[in-house]
Amino acid sequence: MNGKMGCIYRVGLLILMMAPSQLCCTENQSVEFIPGAPIIAPDEPGTGQLGQLFGLSADAPVRISGLWVGNASTQLFGGINSGGGSGLAQQALLDLRLDLGKAFSWQGASVWVQALQVNVQESAAYAAGSLNGTNNLAAAPPLNRTELYSYVFRQDLFDKQLRLVLGKQAPSTTFANVMRPITRSGATFAEPYVTGLVMTSPYAMPTLQGKLPGYPDSALGATLIFEPRVFQRSTYLEAGIYDGRQAMGVPTGLVIPSLSGPLFSIVEAGTRWSLANGEKPGSIGLGTWRQSGLLSPMVPGTNLQENGTYGAYLVASQRLINFRSKLDHSGLSSFVQAGWTASRTATMTANFGGGFTVFAPFIQRPKDSYGLGFSWAKLNNRSTLNEVWNPQELLLQGYAQVHLFGSSFITPALSYLPLSGLKSADSPSFSAIVQLVFQF
């Protein structure tokens with residue numbers, strides 16, 4: 001472990017050692033379940049306990065919170081290093097937000113700022129040889145970065161039926177996000193985050209990777225969300241337009257924001273429902289997107305170019321079984337996602353994935369969950385890309401998310417690739433990862 005990464009992990013462990021006595025949530029504040037990539041959750045990150053350490057009450061207009069995620073991975077066999085490779089990765093997010101309604105009687109308005117620190121070793125990012133991504137902390141380069149992740153103004157209008165979000169933001173928390181918690185007026189049961197998989201695809205649609213702004217490359221833009229009360233807010237329509245330079249290889253999370261160049265636009269419509277008298281919620285969303293600008297593959301040396309592209313996607317989830325519906329969130333849930341793009345330069349031109357999650361199968365462990373997931377992708381093999389990438393990739397992953405205390409979880413996971421995306425990787429590829437999450 002090098003000096004910088006070692007220092008980062010010592011800080012994380014120090015937080016965890018002090019957490020039970022100083023930062024642990026109360027019973028009413030404790031987190032039930034978390035996604036494998038907490039930064040992609042649409043809700044406010046963290047628990048707000050950090051602000052309470054500074055004397056802020058739970059209902060204060062100012063909220064200070066954050067999260068720390070760290071993982072260690074090892075390549076058991078196959079992959080780039082044919083087994084034996086290991087690596088570390090960590091992510092830290094600090095969130096500061098102000099409720100303008102509480103502070104200045106500006107109803108429905110709020111602002112927030114987020115700072116992000118990411119450190120990922122190359123062996124943690126690439127050892128498996130996967131283009132889908134076995135480790136959600138490893139995203140777009142540079143792998144080590146400190147950035148102002150977001151600064152946002154939000155205004156809710158017409159009794160929260162219309163929401164406007166302006167500023168530098170991560171719209172992947174809104175669009176093509178199967179992680180969105182399902183809530184429906186009148187339902188007696190609310191679905192937790194549908195999976196705790198630590199691979200990348202549930203949190204970043206493969207055909208949208210490098211285009212839809214999100215972790216770690218947020219972007220300047222505007223989002224509009226409409227949830228009409230006439231449908232009990234169970235149906236929604238949302239649209240957005242953002243700085244699209246990420247598709248040209250520009251790390252938009254690190255550079256000065258701009259809307260004068262290429263743009264990325266997206267529209268999604270969906271609905272939510274609850275079966276069995278509100279005990280089994282489900283949802284579906286359909287979206288389409290367009291990327292402008294002169295595009296080239298991420299691999300240099302090809303003669304491929306195109307002037308803009310477009311695509312479509314689907315995300316859906318459904319609670320299948322409730323174990324103890326009157327007592328807790330225990331049960332079996334499922335999700336699916338699919339994407340397609342007409343792009344001639346994208347890394348992945350089609351994808352299909354899904355999974356199952358068992359929540360709290362043991363009554364003595366009400367916050368544990370276990371899951372399986374898969375992600376298949378059709379890879380671009382035009383021109384010389386067929387010398388670098390295989391025609392397709394299939395990634396399978398299983399995990400156990402174990403609650404430690406308060407808002408901390410540990411998640412061991414195993415990833416298996418019968419066929420890796422990279423031709424330079426040996427297939428099959430088998431790797432293991434252990435991830436630690438602490439929210440404060």
Side-chain angles (χ1 to χ4, degrees), residues 39-40 91 93 113-118 120 125 131 133 136-153 164-177 200 203-224 238-268 287-313 339 341-349 380 382 385:
I39 197 171
I40 201 69
Q91 167 197 100
L93 179 76
V113 178
Q114 295 177 331
L116 176 67
Q117 173 72 37
V118 179
V120 180
L131 293 173
N136 70 82
L137 295 189
L143 297 177
N144 297 288
R145 59 169 72 195
T146 302
E147 66 182 72
L148 185 58
Y149 187 53
S150 68
Y151 42 88
V152 175
F153 168 78
L164 178 64
V165 183
L166 302 172
K168 188 183 181 188
Q169 55 191 289
S172 60
T173 61
T174 302
F175 298 94
N177 188 1
T200 304
Y203 317 105
M205 182 79 66
T207 49
L208 277 167
Q209 287 183 25
K211 294 180 176 64
L212 175 62
Y215 170 81
D217 282 317
S218 53
L220 183 66
T223 304
L224 190 65
E238 52 197 23
I241 186 167
Y242 312 96
D243 180 354
R245 291 177 295 164
Q246 181 186 184
M248 283 68 184
V250 177
T252 53
L254 294 171
V255 301
I256 297 175
S258 173
L259 293 175
S260 61
L263 297 175
F264 177 85
S265 56
I266 187 168
V267 177
E268 179 179 319
T288 182
W289 55 269
R290 181 166 182 81
Q291 170 73 53
S292 68
L294 187 61
L295 308 174
S296 300
M298 60 176 289
V299 177
T302 67
N303 58 1
L304 294 175
Q305 283 189 332
E306 60 184 339
N307 189 13
T309 190
Y310 58 93
Y313 63 87
T341 175
S343 176
R344 300 178 64 252
T345 60
T347 302
M348 292 169 274
T349 58
N380 188 347
R382 293 182 174 90
L385 294 177

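This chain uses plain numbering: 1 for the first residue, then up along the sequence.
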About how many Å separate [atom2] of [Y] and [atom1] of [X], when rounded to the nearest 0.5 Å?
| X | Y | atom1 | atom2 | result |
| --- | --- | --- | --- | --- |
| Asn303 | Arg382 | CG | CZ | 12.0 Å |
| Met348 | Thr341 | CE | OG1 | 11.5 Å |
| Ser265 | Leu212 | OG | CG | 11.0 Å |
| Leu166 | Leu224 | CG | CG | 9.5 Å |
| Asn136 | Ile40 | CG | CD1 | 9.5 Å |
| Tyr215 | Leu116 | OH | CG | 6.5 Å |

Heavy-atom pair with the smallest gap, counting every atom of [X] and [Y]:
| X | Y | value |
| --- | --- | --- |
| Ser172 | Asn177 | O-CB, 3.5 Å |
| Phe264 | Pro213 | CD2-CD, 4.0 Å |
| Ala312 | Trp289 | N-NE1, 3.7 Å |

Close side-chain approach of Ile266 to Pro171, heavy-atom, < 4.5 Å: no
side-chain hydrogen bond (donor to acceptor under 3.5 Å, both in side chains) filter on Asn307, not counting sequence neighbours, yields none
By side-chain hydrogen bond (donor to acceptor under 3.5 Å, both in side chains), Tyr149 pairs with (sequence neighbours left out) none
Is the side chain of [X] donor-acceptor paired with the backbone N or O of [Y] at a distance under 3.5 Å, no angle test?
| X | Y | result |
| --- | --- | --- |
| Lys211 | Tyr310 | no |
| Gln114 | Leu93 | no |
| Glu268 | Ala176 | yes |
| Thr252 | Ser218 | yes |

Practice task
Show your working on side chain to side chain contact (heavy atoms under 4.5 Å, CB included) between Asp243 and Val250 and close with a plain yes or no.
Solution key: CA-CA 10 Å; Asp243 180 354; Val250 177; over 6 Å; no
Handout entry: Residue pair Leu148, Val113: steps toward the side chain to side chain contact (heavy atoms under 4.5 Å, CB included) verdict
Key = CA-CA 8 Å; Leu148 185 58; Val113 178; 3.5 Å; yes
field: Met205 and Phe175: CA distance, side-chain angles, deciding distance, side chain to side chain contact (heavy atoms under 4.5 Å, CB included) verdict
entry: CA-CA 10 Å; Met205 182 79 66; Phe175 298 94; over 6 Å; no
The test is salt bridge (Lys or Arg N to Asp or Glu O under 4.0 Å); show your working for Asp217 and Arg145 and say whether it passes. CA-CA 10 Å; Asp217 282 317; Arg145 59 169 72 195; 2.8 Å; yes
Self-check item: Pair Gln169-Thr223, side-chain donor/acceptor within less than 3.5 Å
Solution: yes
Margin query: Assess, by modelled atom type and distance only, whether the side chains of Thr345 and Glu306 contain a donor and an acceptor separated by less than 3.5 Å.
Written below: yes
